[in-house]
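This report concerns only the one structure given below.
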Number of protein chains: 2
Amino acid sequence: MKRDCSKIPYDCPIEATLGLIGGKWKALILDHLTGGALRFGALQKMMPKITPKMLTQQLRELENDGLILRHVYPVVPPKVEYELTDFGQTVLPILDAMCAWGRVYLDNVREQEGTKAAGCACE
Amino acid sequence: MKRDCSKIPYDCPIEATLGLIGGKWKALILDHLTGGALRFGALQKMMPKITPKMLTQQLRELENDGLILRHVYPVVPPKVEYELTDFGQTVLPILDAMCAWGRVYLDNVREQEGTKAAGCACE
DNA sequence: CAGCATCCTATAAGATACTG
DNA sequence: CAGTATCTTATAGGATGCTG
């Protein structure tokens, strides 16, 4: 039973956006893919806290909704790459805005607490 | 037991942003408040599908995180207004980006399906 | 009017083990 | 390597009724 987020009826643009790229992982995944195609394992390394199950699930939904493409290379051992579609590229402004705001916010928090950045693709 | 989303440790700016304004309702609430202060009941009317419990809960979290202000007027019947703080105003670029993208997306979907816009604050 | 309390369901998310 | 399968837990979200 697969889920196409694009099949859900939305009342409002923001609601639709959240439906397609909302949730805990999708924006993060898309952001990592802005640098170019990545393998399953590479994505997992970039998000150490995601489980293979969740990563698979989120990638399938993004694929069903036309945001990313899945390339299977018929080799042994298996090699699968994911990359943004043209449509997927159009979410970049949102990711940039979220990243910029989060960065300012984290800088303030860290300044107060004396902690350091953890190092992430988008910072 | 109240939740301060700002107390959660985040590894990455996008993650932090999602922590503070992610979820099904917060971006929508903030967006409605960009037009100025609103009463509880007004917000509820703008989001017919939200329950009072959820609305209260989301408003409290936004307040704890410094994004909105809650004004209680000591009158009968009670009057409570919510408005963006200066910090809350800074999320506007994100909301705009989400709204713009969602609008283009919905327009395409609707063109294919022949349906119409439902009418929402941000469209 | 603006909520709170209580109870309940659905969905998201995680742990662990296994496989083509 | 890139997943699946199964089981379990946590969180989001909802229905209903009540109150200062």
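Quick note on labels: first sequence line is chain A, next is B, and so on, each numbered from 1.
- In this structure, B/Tyr73 reaches neither bases nor backbone, as no heavy-atom distance under 4.0 Å exists between it and the strands shown.
- Computed from coordinates, the A/Leu55 CG to D/dA2 P distance equals 10 Å when rounded to whole Å.
- A tilted orientation is assigned to the rings of B/His71 and B/Tyr73, their planes being inclined by 30° to 60°.
- Checking C/dG3, D/dA2, C/dC1 against every side-chain atom of A/Pro78, the shortest atom distance belongs to D/dA2.
- Comparing C/dA13, C/dC1, D/dG13 against the side chain of A/Lys24 picks out C/dA13 as the nearest.
- Distance A/Gln58 CD to C/dA12 C1': 9 Å, rounded to the nearest Å.
- For A/Arg39 and D/dC1, the shortest distance from a side-chain N or O to OP1 or OP2 is not below 4.0 Å.
- Here the nucleotide nearest the side chain of A/Met54, chosen from C/dG14, C/dG3, C/dC1, is C/dG14.
- Closest approach to the A/Lys53 side chain among D/dA15, C/dA15, C/dC4 is made by C/dA15 (side chain taken as heavy atoms from C-beta onward).
- Projected onto DNA chain C by closest heavy-atom contact, B/Thr56 and A/Pro52 fall at different nucleotides, the more 5' of which corresponds to B/Thr56.
- Put simply, B/Arg60 has a side-chain N or O that comes within less than 4.0 Å of OP1 or OP2 on C/dC4.
- Taking atom CG of B/Leu59 as the reference point, atom P of C/dC4 lies 10 Å away to the nearest angstrom.
- Spacing between atom CG of A/Leu18 and atom P of D/dG13 amounts to 10 Å, rounded to whole angstrom units.
- To the nearest angstrom, C1' of C/dA13 lies 14 Å from NZ of A/Lys49.
- Taking the six-membered ring where the residue is Trp, B/Phe40 and B/Tyr82 present tilted rings, their angle falling between 30° and 60°.
- Between the P atom of D/dG3 and the NE2 atom of A/His71 lies a distance of 13 Å, rounded to the nearest Å.
- As a whole-Å value, the separation of B/Glu15 CD from C/dA13 P is 12 Å.
- For the pair B/Gln57 CD and C/dG3 P, the interatomic distance rounds to 13 Å; values are reported in whole Å.
- Annotation: salt bridge (charged side-chain N to carboxylate O under 4.0 Å, His left out) contacts of A/Lys26 (sequence neighbours excluded): A/Glu61.
- Closest approach of B/Ala27 and A/Ile14 over heavy atoms only: CB-CG2, 4.0 Å.
- In this model, the phosphate group of C/dA2 is not approached by any side-chain N or O of B/Arg70 to a distance below 4.0 Å at OP1 or OP2.
- Put simply, the side chain of B/Thr85 never gets that close to the backbone of B/Leu69: no donor and acceptor are under 3.5 Å apart.
- For A/Tyr82, the side-chain atoms get nearest to D/dG3 when compared with the rest of D/dG13, D/dA2, D/dG3.
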